[in-house]
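Written below as structure tokens is the structure these notes are about.
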Amino acid sequence: MSPPSPPRQIAVPISNMSNLSRQVSNSLNLSTSPNLSFHSPPTSFRAPPSYTANTPGYSAGAAAANAKQLKPFDTKDVKVLLLENVNLAGVNILKEQGYQVEAIKSSLPEDQLIEKIRHVHVIGIRSKTRLTERVLKEAKNLLVIGCFCIGTNQVDLSYAASQGIAVFNSPFSNSRSVAELVISEVIALARQLADRSMELHNGTWNKVSKGCWEIRGKTLGIVGYGHIGSQLSVLAEAMGMEVIYYDVVNLMGLGTAKQVKTLDDLLDQSDFVTLHVPETGDTKNLIGKTQLDKMKNGSYLINNARGKVVDIPALIEAMRSGKLAGAAIDVFPNEPAGNGDYFNNELNDWVKGLQGLKNLILTPHIGGSTEEAQSAIGAEVSTALVKYVNEGSTLGAVNMPEVNLRNINLDEPNCVRVVFIHKNVPGVLRQVNGVLLNHNIDKQSSDSRGDVAYLMADVSDVKEDEIRSLFQSLEELPSSLRTRMLY
Ligand SMILES: NC(=O)C1=CN([C@@H]2O[C@H](COP(=O)(O)OP(=O)(O)OC[C@H]3O[C@@H](n4cnc5c(N)ncnc54)[C@H](O)[C@@H]3O)[C@@H](O)[C@H]2O)C=CC1
Ligand SMILES: O=C(O)C(=O)COP(=O)(O)O
């Protein structure tokens, strides 16, 4: 019996992802194809699909001889821009692929962002960088966006999808960090810790117990009982708190936590209100004057969600009047681009009113900023980006249907993976199969999400000179948003 042929391993665990993927791309010639080259057509292919580094006589030099003609299929052609200090774990995974990576510590002003985004196939951002329709319109080469964070409100997801640009995030790698920060804030607010510390830093001894409390037996009201809210719920109960929560979805409470029917119910019953909802049209100013008025006298508000969820001038008023005994705010409608930048009225015109308020903890959007969270996010998002660029897998995408195919094996030379992102309209599959008519489709998968559909097909016995014409025929279909040929 002959030994089974080694698989062209595409899906690999994170630990050995980088090595294997490089092997996939370079040695096994399962190629990546930044779309750029297909938009400026090559005249010939650098190396035939069957001509791999394992092929006798293969040399990188031979492959490079035709360099200009066919660029798409070399990882070193993939240009990546990483903004906002993406963790080294993530940067390294992308570099190990051979991609050209530019990593910048801060976000960029829009004009500079537009200038840079024109040239890249992959962009990695965190919560600050806004990828609006205006910016994405300029991103003619962009294949994929990685949000190295949980929130994706900073990206125009549907516009990106309409351009065939996939978006990935890290849905829960920093959830625990946020939940732990909230626990610390609950205790710090209850004990006026920030004020005492500030006083002593300024030379004043002020030993007081008035208005300082244990948190045991107090009620924590969680608005948004998702990854963070539910994790927090467990921690808070372990500290002896009663937990209630409000969510637009009916969710099972962990431990003895109870869901309340309305936000007003939660505001009415909670000693501490903490917000863990995404930024959406519905959550803008979710907590304004009306809601603050409904909170208990002397209660506390904590916002680690998004800046626009709280009407801050109304919060300032509630703090000044003594309605609230304290608050912690980690997120702001406008945040500075990078460390060392000013946080002042030029950024948000109420900043001066906030600064100096008693028992108010202000933090620079550090909810998810721990070593553990950032390295996990770096690895998770970079791995998803590599799998998308190299293999077309959309598993985990937030704006596209999730489609994946099992690996192509080594005993399937001349096998080409077709990725066809298209408008979700009737008759497309028939047309695609018409284009691929003369080839054997080994496997195929497709799915849709809203107006966009994603099709992957592994097509065998495709000759080198057929790839371009297949690509062009697919691109010419009226439903086409983006086509990639991976081999
Ligand atoms: N400060 C920081 O550094 C961080 C902030 N965040 C923010 O926290 C948010 C929540 O994160 P996760 O818990 O992971 O999200 P998630 O998606 O797991 O949970 C959000 C929950 O909010 C609920 N929800 C949505 N709209 C609502 C509304 N109008 N009223 C009540 N509930 C509503 C959803 O049904 C869901 O259960 C993120 O979207 C992000 O904006 C996340 C990580 C770090
Ligand atoms: O994960 C999120 O949504 C956050 O808000 C954390 O954002 P950051 O990565 O710290 O810019």
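Atoms within a ligand are numbered from 1 in the order they appear, just like the ligands themselves. Treat the numbers as computed from the prediction; the structure is a model and nothing was measured.
- Here the protein heavy atom with the shortest distance to atom 10 (O) of ligand 2 is R126 NH2, 3.0 Å.
- Of the protein's non-hydrogen atoms, N304 O, 3.7 Å is the one closest to atom 4 (C) of ligand 1.
- Considering backbone and side-chain N/O atoms, G368 comes within less than 3.5 Å of an N/O atom of ligand 1.
- Atoms OH and CG, from Y246 and L267 in turn, are 10.0 Å apart once rounded to the nearest 0.5 Å.
- Interface of G151 with ligand 2, defined as ligand atoms under 4.0 Å from a residue heavy atom, comprises 1 (O), 2 (C), 3 (O).
- Every atom of ligand 2 with a heavy atom of R306 under 4.0 Å away is listed here by number and element: 2 (C), 3 (O), 4 (C), 5 (O).
- When all heavy atoms of V452 and N424 are compared, the closest pair comes out as N-CB, 3.9 Å.
- The atoms of ligand 1 that sit less than 4.0 Å from any heavy atom of V249 are 35 (O).
- Which parts of ligand 1 touch Y246 is read off a 4.0 Å heavy-atom cut-off, strictly below it: atoms 30 (N), 31 (C).
- At least one heavy atom of S127 sits closer than 4.0 Å to an atom of ligand 2.
- Interface of P278 with ligand 1, defined as ligand atoms under 4.0 Å from a residue heavy atom, comprises 20 (C), 22 (O), 25 (C), 39 (O).
- Side-chain atoms of K323 and N297 include a donor-acceptor pair closer than 3.5 Å.
- The atoms of ligand 2 that sit less than 4.0 Å from any heavy atom of I150 are 1 (O), 2 (C), 3 (O).
- Between L275, L251, V248, V182, it is V248 that holds the heavy atom closest to atom 28 (C) of ligand 1.
- Side-chain atoms of S170 and E380 form a donor-acceptor pair, as typed in the model, at a separation below 3.5 Å.
- Closest heavy-atom contact between A327 and L315: CB-CD1, 4.2 Å.
- Classified by interplanar angle (parallel below 30°, tilted 30° to 60°, perpendicular above 60°), the ring pair Y245/Y225 is parallel.
- The F148 neighbourhood of ligand 2 comprises atoms 9 (O), with distances under 4.0 Å to a heavy atom of that residue.
- Scanning for side-chain contact (heavy atoms from CB on, under 4.5 Å) contacts around T370 gives S177, E372, A373, with sequence neighbours left out.
- Around atom 7 (C) of ligand 1, the closest heavy atom drawn from G367, G224, A305 belongs to A305.
- Nearest protein neighbour of atom 11 (O) of ligand 1, counting heavy atoms only, is I228 CD1, 3.4 Å.
- Listed by number with element, the atoms of ligand 1 under 4.0 angstrom from any heavy atom of H276 are 10 (C), 20 (C), 21 (C), 22 (O).
- Here is the list of ligand 1 atoms found below 4.0 Å of a heavy atom in H365: 1 (N), 2 (C), 3 (O).
- Contact annotation for atom 41 (O) of ligand 1: protein present (non-hydrogen atoms, distance under 4.0 Å).
- Within the listing of ligand 1, atoms 5 (C), 6 (N), 7 (C), 40 (C), 41 (O) sit less than 4.0 angstrom from a heavy atom of R306.
- Both the backbone and the side chain of D247 come within contact range of ligand 1, each with a heavy atom under 4.0 Å.
- Residue contacts with ligand 1: T280 is excluded, as none of its non-hydrogen atoms falls under 4.0 Å.
- The backbone N or O of A453 lies less than 3.5 Å from no partner atom in the side chain of S448, so there is not a single donor-acceptor pair.
- Surrounding CH2 of W350 are more than 12 heavy atoms belonging to other residues, nucleotides or ligands, all under 6.0 Å away.
- The shortest distance between side-chain heavy atoms of Q97 and V80 does not fall below 4.5 Å.
- In this structure the side chain of L81 reaches within 4.5 angstrom of the side chain of I104, judged on heavy atoms.
- Of all the atoms in ligand 1, the ones that sit under 4.0 Å from a non-hydrogen atom of D330 are 1 (N), 2 (C), 3 (O).
- For atom 19 (O) of ligand 1, the closest non-hydrogen atom on the protein side is G226 CA, 3.2 Å.
- For CG of N339, the number of neighbouring non-hydrogen atoms (other residues, nucleotides, ligands) closer than 6.0 Å is 12 at most.
- A donor-acceptor pair is defined here as one N or O able to donate and one able to accept, closer than 3.5 Å; no such pair exists between the side chain of N169 and the backbone of C147.
- Scanning for side-chain hydrogen bond (donor to acceptor under 3.5 Å, both in side chains) contacts around H422 gives an empty result, with sequence neighbours left out.
- For atom 29 (N) of ligand 1, the nearest protein heavy atom (residue, atom name, distance) is T283 CG2, 3.5 Å.
- The closest approach between E279 and ligand 1 stays at or above 4.0 Å for every heavy atom of the residue.
- Contacts between V277 and ligand 1 below 4.0 angstrom, taking non-hydrogen atoms only, involve backbone and side chain alike.
- The proximity of V178 to ligand 1, defined as any non-hydrogen pair under 4.0 Å, is limited to the side chain.
- At a heavy-atom cutoff of 4.0 Å, ligand 1 is contacted by the side chain of N174 but not by its backbone.
- Of the possible donor and acceptor atoms, none in the side chain of R306 sits under 3.5 Å from a partner among the backbone N and O of P278.
- Ranking the protein heavy atoms by distance from atom 4 (C) of ligand 2 puts H365 NE2, 3.5 Å first.
- Put simply, the residue from V403, V419, L429, V428 that forms a side chain to side chain contact (heavy atoms under 4.5 Å, CB included) with L455 is L429.
- There is no protein heavy atom less than 4.0 angstrom from atom 15 (O) of ligand 1.
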